[in-house]
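Have a look at the structure below, then the notes.
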Amino acid sequence: MNFQKIAIGVTGVALFLSLAACAGDPVDKETPGGEVSTEEGYNLVPADTNGDGLITLGFAQVGAESGWRTANTDSFKSYFVPENGYELVFADANQDADKQKQDVRDLIAQGVEVINLAPVTDSGWVPILEEAKAAGIPLIVSDRQLMVDENLYLTYFGGDMEGEGKTAVKWLKDYIDAGAIADDINIVHLQGTIGSTAQKGRTKALDDAAPGYSWNIVAQQTGEFTRAKGQEVMESIIQQGLDFNVIYSENDDMTYGAIDALKAAGIDHKEKIIISFDGNKSAVQMVVDGDIDVIAECDPLLGPQIGGLIQDAMAGKKIAKITYSVEGFIDSTNAAEKLLTAFGS
Ligand code: GYE
């Protein structure tokens with residue numbers, strides 16, 4: 001994703017110095033837990049600052065809106081346990097971006113030793129990240145990215161959302177080119193939570209590609225990543241009598257909801273090209289059964305992978321500023337095999 005770097009609250013020379021120093025630089029291992037440098041790149045590393053033998057990780061989670069989210073939460077809850085050297089403090093924002101900012105402030109006030117933030121939306125974070133940094137608490141961004149300067153967080157680990165969108169778009173282009181659809185392409189686009197990078201990246205890929213291929217987007221509306229909203233939006237599209245042959249749904253849960261609505265209206269969903277995102281086990285089964293045509297994968301099992309990054313940082317190893325999950329797509333050619341390792345239920 002090509003986010004422009006922005007630095008807010010830093011003036012003239014300091015801004016110049018921070019941008020100059022932090023371009024892709026590794027973590028400075030010299031100052032574990034507590035010390036802050038405003039002129040150089042980010043130099044906080046997780047440490048057992050209270051000496052209780054465990055690293056306390058505060059997890060500011062988005063909510064519980066989807067199967068992906070449940071799998072993501074489970075992954076953290078099962079990895080960040082005392083047997084692995086951690087204590088987990090879990091904060092559920094219930095998809096509320098304002099509440100989540102307060103959640104992070106509470107984690108800072110509690111003095112957790114590292115924060116893992118999965119941001120609901122990507123704006124308004126600079127002051128809070130500055131507060132975490134000033135408190136000497138290393139902050140990891142996972143799952144969804146932030147449009148902030150690199151010297152405000154330790155590392156990002158998660159999906160390349162625009163990359164996933166491009167995967168889905170390319171699949172559709174190839175499918176059309178292979179002669180699978182001869183008609184005009186009329187797309188219903190169900191978007192995720194507006195302002196989340198998961199929505200912005202997946203939407204951008206489609207918005208960028210559609211005009212060049214003369215694809216029509218006949219509806220574009222948020223279903224907030226939930227099954228119920230996905231169903232509601234599709235019901236209203238059906239009521240409006242819109243003509244469409246493709247559904248581009250930014251997660252599996254909205255896809256389930258959209259299919260529920262089509263079935264209830266007596267419309268054969270198998271006649272639509274259905275494009276989804278994530279790769280929950282039941283969605284992969286639906287690809288096997290021909291209910292969904294393709295899923296652009298997104299990996300929720302981030303707990304152990306972030307644990308690995310923390311261990312590396314604590315051992316003084318260089319860790320990348322941004323690490324994207326390995327993701328592909330699931331269609332009829334590989335769904336049976338993918339089903340064996342699919343996450344969730
Ligand atoms: O695709 C969706 C969830 O941020 C990648 O959030 C995540 C998205 C995921 O609600 O199912």
Side-chain angles (χ1 to χ4, degrees), residues 1 3 59-76 92-97 99-100 116-123 125 140-147 156-168 189-206 221-231 233 247-259 274-284 286-287 292 294-303 305-306 322-330 342-345:
M1 223 171 304
F3 286 136
F59 181 12
Q61 175 62 299
V62 168
E65 73 284 0
S66 66
W68 191 100
R69 187 65 50 203
T70 303
N72 181 249
T73 294
D74 289 350
S75 171
F76 276 83
D92 181 340
N94 198 20
Q95 291 234 77
D96 179 336
K99 175 182 185 301
Q100 191 177 42
N116 178 79
L117 167 62
V120 176
T121 57
D122 69 357
S123 58
W125 282 105
I140 294 167
V141 182
S142 74
D143 159 22
R144 300 176 179 175
Q145 277 178 275
L146 290 179
M147 297 168 65
Y156 167 76
F157 193 102
D160 171 4
M161 303 303 168
E162 189 178 346
E164 294 170 9
K166 285 181 172 165
T167 297
H189 179 187
L190 300 177
Q191 298 173 291
T193 303
I194 300 297
S196 66
T197 56
Q199 174 271 318
K200 287 165 105 171
R202 293 167 188 174
T203 292
K204 183 173 188 310
L206 180 63
Q221 211 176 315
T222 183
E224 287 161 21
F225 283 134
T226 70
R227 182 178 194 145
K229 261 275 179 184
Q231 176 172 357
V233 172
I247 299 170
Y248 181 99
S249 163
E250 290 180 3
N251 83 343
D252 289 338
D253 300 75
M254 295 191 296
T255 306
Y256 306 147
I259 292 175
I274 302 185
I275 298 169
S276 191
F277 287 81
D278 287 352
N280 288 270
K281 195 171 281 166
S282 15
V284 180
M286 290 168 81
V287 177
I292 294 174
V294 66
I295 301 169
E297 288 177 302
C298 186
D299 182 12
L301 307 180
L302 304 181
Q305 303 182 75
I306 285 171
I322 294 177
T323 309
Y324 289 131
S325 309
V326 178
E327 307 166 321
F329 65 82
I330 303 166
F343 68 81
S345 51

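Indexing begins at 1, ligand by ligand and atom by atom, following the structure's order. Positions are given from 1 along the sequence. The structure displayed is predicted, hence computed values, not measured ones.
A donor-acceptor contact closer than 3.5 angstrom is absent between the side chains of Glu65 and Asn251. For the residue pair Gln145 / Thr197, no side-chain donor-acceptor distance below 3.5 Å is found, with atom types taken as modelled.
In this view, Lys281 satisfies the salt bridge (charged side-chain N to carboxylate O under 4.0 Å, His left out) rule with no residue, not counting sequence neighbours. Partners of Glu164 according to the salt bridge (charged side-chain N to carboxylate O under 4.0 Å, His left out) rule, which considers only residues two or more places apart in sequence or in another chain, are Arg202. Checked against salt bridge (charged side-chain N to carboxylate O under 4.0 Å, His left out), Asp143 has the following partners two or more places apart in sequence or in another chain: Arg69.
At least one donor-acceptor pair under 3.5 Å links the side chain of Gln199 to the backbone N or O of Gly195.
Within 4.0 Å of ligand 1, contacts by protein heavy atoms are made from Glu65, Ser66, Trp68, Arg69, Asp143, Arg144, Met161, Ala198, Arg202, Phe225, Asn251, Asp278, Cys298.
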